[in-house]
2 protein chains.
Amino acid sequence: MPTIDAVDFFYLSMPEVTDEADGSQDALLVRVVAGGHVGWGECEAAPLPSIAAFICPMSHGVCRPVAYSVLGKRLESPADIARISVDVAYNSMDLLQAPHTLSGVEMALWDALGKMRGEPVWRMLGYDRSFAKTPYASVLFGDTAQETLERARAARAANFRAAKFGWGPIGRGSAEADAEHFAAAREGLGLDGLLLVDTGQIFLEDVERAAARLPAMEKAGVLWFEEPFQASAIDAYAALARKGSKVRLAGGEGAHNVHMAKQLIDHGGVGFVQIDCGRIGGIGPSKEVADHAVAKGVTFVNHTFTSHLALSASIQAYAGLKDHVIAEYPAMPKPLALAFTANHIERDADGEIHAPDAPGLGIEVSADGARPYLQDVEIKVNGQVLYTTPAL
Amino acid sequence: MPTIDAVDFFYLSMPEVTDEADGSQDALLVRVVAGGHVGWGECEAAPLPSIAAFICPMSHGVCRPVAYSVLGKRLESPADIARISVDVAYNSMDLLQAPHTLSGVEMALWDALGKMRGEPVWRMLGYDRSFAKTPYASVLFGDTAQETLERARAARAANFRAAKFGWGPIGRGSAEADAEHFAAAREGLGLDGLLLVDTGQIFLEDVERAAARLPAMEKAGVLWFEEPFQASAIDAYAALARKGSKVRLAGGEGAHNVHMAKQLIDHGGVGFVQIDCGRIGGIGPSKEVADHAVAKGVTFVNHTFTSHLALSASIQAYAGLKDHVIAEYPAMPKPLALAFTANHIERDADGEIHAPDAPGLGIEVSADGARPYLQDVEIKVNGQVLYTTPAL
């Protein structure tokens, strides 16, 4: 019986980390060895607390380290992975960081299982085929409208038909100042480009301040208004949705379990649900949200701002959904995010991307590429080493 | 201007930690030094990941360590504490563990501020006086109904007029087997005792399995049915509430922000909302939930299974609410939970408890009592020590 024999964590970081909202500045890579196969995954999460959540001593019966529900368990089928997810949710219910830690592990389990079976993950999820996705360049607003204009032109020049602008100064000043950025983004992208806006929770739960941005977004032909509010502020989402703007709401990247995402779909009035596979617990929970989105007429979108390993993992859940075509694509990641995989998900001649048609996640990790970014971590309790960075 | 000059964490643990759902087996004690005063708090959380969330390197602009929003900041008024909470929610939005870490820090800030001003925390929260609470003994179901009967008799013999039985075998076997435990608890407690039941998320989101327990609970005169489901499974709560049983639902201990607790109140159909001050972000968020509960006709209850420091912190938020009288009281904690405070919240002649009428939280930490349980922790990245257990 193939069992999960090892789970190792590798904390990678750029030499300098800035205060930009750029999640590709570090990475927590996960390696699983099961049944003689190696699988890889990535937590979209703070590396040190996530490692600690895997190896910490038990606090009590339902505050156990994630390792307890994973190491030594059977890995023969998708049902084994689902059972591990249920076990972690229960055994680690009081360990808040657990879902972020599990996410990378769970991806790695799918990758290892796929290699064992010679099947891509999307097929193991029940899809007969995978459909092309239209990638949008995910970039940050400039500090000035002029800078935003230039970034939009750069996205267009790089052949992206869709672009999402996020964070930066939006919501920090007046609605008029923000309007200039929306117009600049539209101008740079061209009239036929798909324009998306992400405000990164800046309005907290202030519905009126968020609503004040809607007219300028409508005017600029923005398709979606992403993360106006805090991840759990469902009622604020619902109130903004009731304003009835043509601009649809998008959100969900902060969901760390399926319930949170379902609430956003069922009660938050979003038109697009964006799931970060590296936070929600991995691929299985992402697929459950995709199924629910289909049932409720909401469009599923991946949330990915890091590596192509994370990108592959994040599109598996909706690879087989023909009508859910938009995909986030890390257009300008930091060098580390590109360096630690040997292959990448490139756009085809039509500018579209595809989930790899290869066993597992279809992404090969490059140890040589990762090594320059590897952080040497050691965690000791009472002189005993609970974690030290393993050989890569 | 008084500033927050130091925040130190102390990980305490029993020599042996069992798999009981007993949260008093370890503790994460927080010491804050601000304006020349020392304040104490306690995270109800896995110690290692919580420490890591305070000291970890920044991953990006909104995945910063909790320390970033706390150290060096002004502490002169409750508004300063509220601002810190807003800052942590934003600056650490992608660091899942952050609210658990902040909870103990935030309590310690209130404690220090109260000492600075010579005022109890409940007064700083706007209450003119504090009202007596009726403590319930919080104990675990026995492995057998006979054992449950004995524990109920022990609670009554210890002069508790209310007792909550939790966890153990409930929900793991048949509804009939559980019914015997409910009846045994009622028999041991006596007909006039307040009987509460806690099933610790055992039914995940299975409404029918949970509902199957309601008739026996009604027969045993159970006042509330606590945590049938996972903390975020609001729709399952709502569905169970719609069954219309006389037994009211209770939940909320898993809320790690105010939104989650409000959803349970507004959409989950609970009659009692139970807030763990050591998880939701501390005393300020707890008070916000208490205000919301009052507005919605739901009863606020503390959730406390650890020390009397945590107990004092957790009753501040509703100390001034005359009609919200039930309080969780750790009746049989492990020795460490009693050892690390020099004073305790004892029951008065009427068997009731009171929030201390003393500056801050009114609980003195005993370094001598804590020291035997202190765990020596060291976290290093690239040879640099980011955390080592400080002198106590």
Side-chain angles (χ1 to χ4, degrees), chain A residues 11 13 17-23 25-26 44-49 51-53 55-64 86 89-90 93-97 99-100 167 200-201 204-205 230-235 254 256-257 259-260 262-263 266-267 279 375-383, chain B residues 11 13 17-23 25-26 44-49 51-53 55-64 86 89-90 93-97 99-100 167 200-201 204-205 230-235 254 256-257 259-260 262-263 266-267 279 375-383:
Chain A
Y11 173 10
S13 179
V17 173
T18 74
D19 61 7
E20 282 181 303
D22 176 351
Q25 302 185 81
D26 68 5
E44 176 49 19
L48 271 192
I51 294 169
I55 53 89
C56 61
M58 167 168 74
S59 284
H60 57 76
V62 291
C63 192
R64 300 188 198 242
V86 169
Y90 186 79
M93 74 171 74
D94 287 349
L95 205 177
L96 192 48
Q97 190 70 18
H100 279 197
W167 303 79
Q201 304 190 11
L204 306 177
E205 52 182 313
Q230 291 175 338
S232 298
I234 309 288
D235 289 345
H256 56 81
N257 58 51
H259 299 298
M260 288 178 71
K262 284 187 176 173
Q263 280 163 39
D266 295 347
H267 309 301
R279 293 179 184 154
Q375 307 297 298
D376 186 30
V377 177
E378 188 182 74
I379 302 176
K380 281 199 294 194
V381 175
N382 296 329
Chain B
Y11 173 9
S13 179
V17 172
T18 74
D19 62 6
E20 280 182 304
D22 176 352
Q25 302 184 82
D26 68 6
E44 176 51 19
L48 271 192
I51 293 169
I55 54 89
C56 61
M58 167 168 74
S59 285
H60 56 76
V62 292
C63 192
R64 300 186 197 243
V86 170
Y90 186 78
M93 73 171 74
D94 287 349
L95 206 178
L96 191 48
Q97 190 71 18
H100 279 195
W167 303 78
Q201 305 189 10
L204 304 178
E205 50 183 314
Q230 289 174 339
S232 297
I234 309 289
D235 289 345
H256 56 81
N257 59 50
H259 299 297
M260 288 177 70
K262 284 185 176 174
Q263 279 162 39
D266 295 348
H267 309 299
R279 292 179 186 155
Q375 307 296 297
D376 186 29
V377 177
E378 188 182 73
I379 302 176
K380 282 198 294 193
V381 175
N382 297 328

Below 4.5 Å from any heavy atom of chain B, which atoms of [X] appear? Answer side chain, backbone, both or neither.
X: A/Ile51; value: neither
X: A/Gln263; value: side chain
X: A/His100; value: both

Do you know which of [options] has the most heavy-atom pairs with chain A at a distance under 4.5 angstrom?
options: B/Gln97, B/Gln230, B/Glu205; answer: B/Gln97
options: B/Gln25, B/Arg279, B/Met260; answer: B/Arg279
options: B/Pro57, B/Gly383, B/Ala89; answer: B/Pro57

Any residue meeting side chain to side chain contact (heavy atoms under 4.5 Å, CB included) with A/Asp376, in chain and number order, not counting sequence neighbours: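 Counting only residues at least two positions away or on another chain, A/Asp376 forms a side chain to side chain contact (heavy atoms under 4.5 Å, CB included) with A/Thr389, B/Asn382.
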Which residues pass the side chain to side chain contact (heavy atoms under 4.5 Å, CB included) test with B/Val62, sequence neighbours left out?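 With sequence neighbours excluded, B/Val62 shows a side chain to side chain contact (heavy atoms under 4.5 Å, CB included) to A/Trp167, B/His60, B/Tyr90, B/Met93, B/Asp94, given in chain and number order.
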Report the option among [options] that has the most heavy-atom pairs separated by less than 4.5 Å from atoms of chain B.
options: A/Gly254, A/Pro49, A/Pro99; result: A/Pro49
options: A/Ile55, A/Val17, A/Asn257; result: A/Val17
options: A/Glu44, A/Glu20, A/Lys380, A/Arg64; result: A/Lys380

Side chain to side chain contact (heavy atoms under 4.5 Å, CB included) partner of A/Asp235, chosen from B/His259, B/Lys262, B/His267: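 So, applying the side chain to side chain contact (heavy atoms under 4.5 Å, CB included) to A/Asp235 and each of B/His259, B/Lys262, B/His267, only B/His267 qualifies.
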Between CD of B/Glu378 and CD1 of A/Ile379, what distance do you get to the nearest 0.5 Å?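 Between atom CD of B/Glu378 and atom CD1 of A/Ile379 there are 11.0 Å.
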Please test B/Leu95 against B/Cys56 for side chain to side chain contact (heavy atoms under 4.5 Å, CB included), starting from the C-alpha separation and ending with a verdict. CA-CA 10 Å; B/Leu95 206 178; B/Cys56 61; 3.9 Å; yes
Where is the tightest heavy-atom contact between A/Ala45 and B/Ser59, given as atom of each residue plus distance?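 Shortest heavy-atom separation between A/Ala45 and B/Ser59 comes out as O-OG, 4.5 Å.
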